[in-house]
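Please read all numbers here as calculations on a predicted model, not as lab measurements. By convention in this document, chain letters (A, B, ...) are assigned in the order of the sequence lines, proteins followed by strands, and residues within each chain are numbered from 1.
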Amino acid sequence: MNNVKRIEIVLESVHDDTVVRMIRQAGIDGFTMLRGVAGSGNRGGRDADGLTDVFQNVCFIIAAEADACDRLLEMLRPLLNESGGMCLVSDAKWLKH
Amino acid sequence: MNNVKRIEIVLESVHDDTVVRMIRQAGIDGFTMLRGVAGSGNRGGRDADGLTDVFQNVCFIIAAEADACDRLLEMLRPLLNESGGMCLVSDAKWLKH
Amino acid sequence: MNNVKRIEIVLESVHDDTVVRMIRQAGIDGFTMLRGVAGSGNRGGRDADGLTDVFQNVCFIIAAEADACDRLLEMLRPLLNESGGMCLVSDAKWLKH
């Protein structure tokens with residue numbers, strides 16, 4: 001099994017094409033995307049009851065080598081700075097096949 | 001990047017408001033929620049073929065400091081004890097922006 | 001909390017029953033499944049614009065002891081070899097309840 005970085009990005013779905021472009025520019029050739037994700041963060045996303053489901057978000061799950069991960073994070077940082085959202089990175093093993 | 005705990009909770013969707021309340025009480029100001037999640041566990045969730053999709057579950061993904069994580073887990077434990085469900089905690093890095 | 005392996009499998013949804021069978025054969029008694037997952041990988045999954053959503057995938061999230069994890073990975077490897085897909089394994093803590 002290969003050591004990889006697991007990158008998880010949640011942001012408003014209006015930015016999904018931008019993130020796909022960044023993934024490809026970072027040299028990463030595969031990703032998983034979950035649509036219809038609800039979220040609440042410090043930028044808003046609450047309805048009258050203080051609860052959720054106001055924004056439609058998308059969640060990307062990406063496995064990448066450390067170098068490609070760094071390239072993606074550098075591109076993501078200004079986007080998340082402007083639009084909010086979450087990006088978590090953790091260590092994982094990729095089952096080679 | 002900040003060290004955080006990544007908390008993943010899967011439980012029946014009837015409990016989603018309770019979990020949102022616990023997240024806020026723990027002092028965590030953001031989370032991601034996936035609806036329409038299928039699951040099967042040792043409490044049931046199997047149809048006549050022994051397969052899945054019987055219960056509609058919800059999956060929360062939360063990033064929190066270690067202290068806030070501990071507070072949330074203490075609140076979650078009795079709920080999961082009563083209702084079943086899964087809670088996984090792992091180490092992650094949060095991309096600051 | 002118990003040390004477990006968190007296994008995340010993304011593959012075409014036509015294989016979901018096969019994966020459920022493998023999970024049970026490995027002696028794992030619970031799992032979470034997300035449907036309607038979009039993906040793009042080096043086996044295809046791109047439309048005319050080079051973007052995504054061509055394949056309907058399913059994402060499994062599984063927590064297992066190390067031994068059961070190894071048994072599942074051995075069964076999964078030939079399936080992923082033939083059909084493509086992604087399998088990531090990471091360390092996590094399971095909240096006992």
Test item: [X] and [Y] side chains (from C-beta on) under 4.5 Å apart, heavy atoms:
X: A:Lys5; Y: B:Lys93; result: no
X: A:Arg77; Y: B:Leu95; result: yes
X: B:Thr32; Y: A:Glu8; result: no
X: A:Val37; Y: B:Arg35; result: no

Exercise. How long is the gap from CG on A:Asn57 to CE on B:Met33, to the nearest 0.5 Å?
Worked result: 10.5 Å
Seminar exercise, completed: Taken to the nearest 0.5 Å, the spacing of B:Asp91 CG from A:Ser90 OG works out to 9.0 Å
For this session: Can you tell which part of A:Leu88 gets under 4.5 Å to a heavy atom of chain B, answering side chain, backbone, both or neither?
Result: both
Seminar exercise, completed: Turns out that what part of A:Val10 lies under 4.5 Å from chain B's heavy atoms comes down to side chain
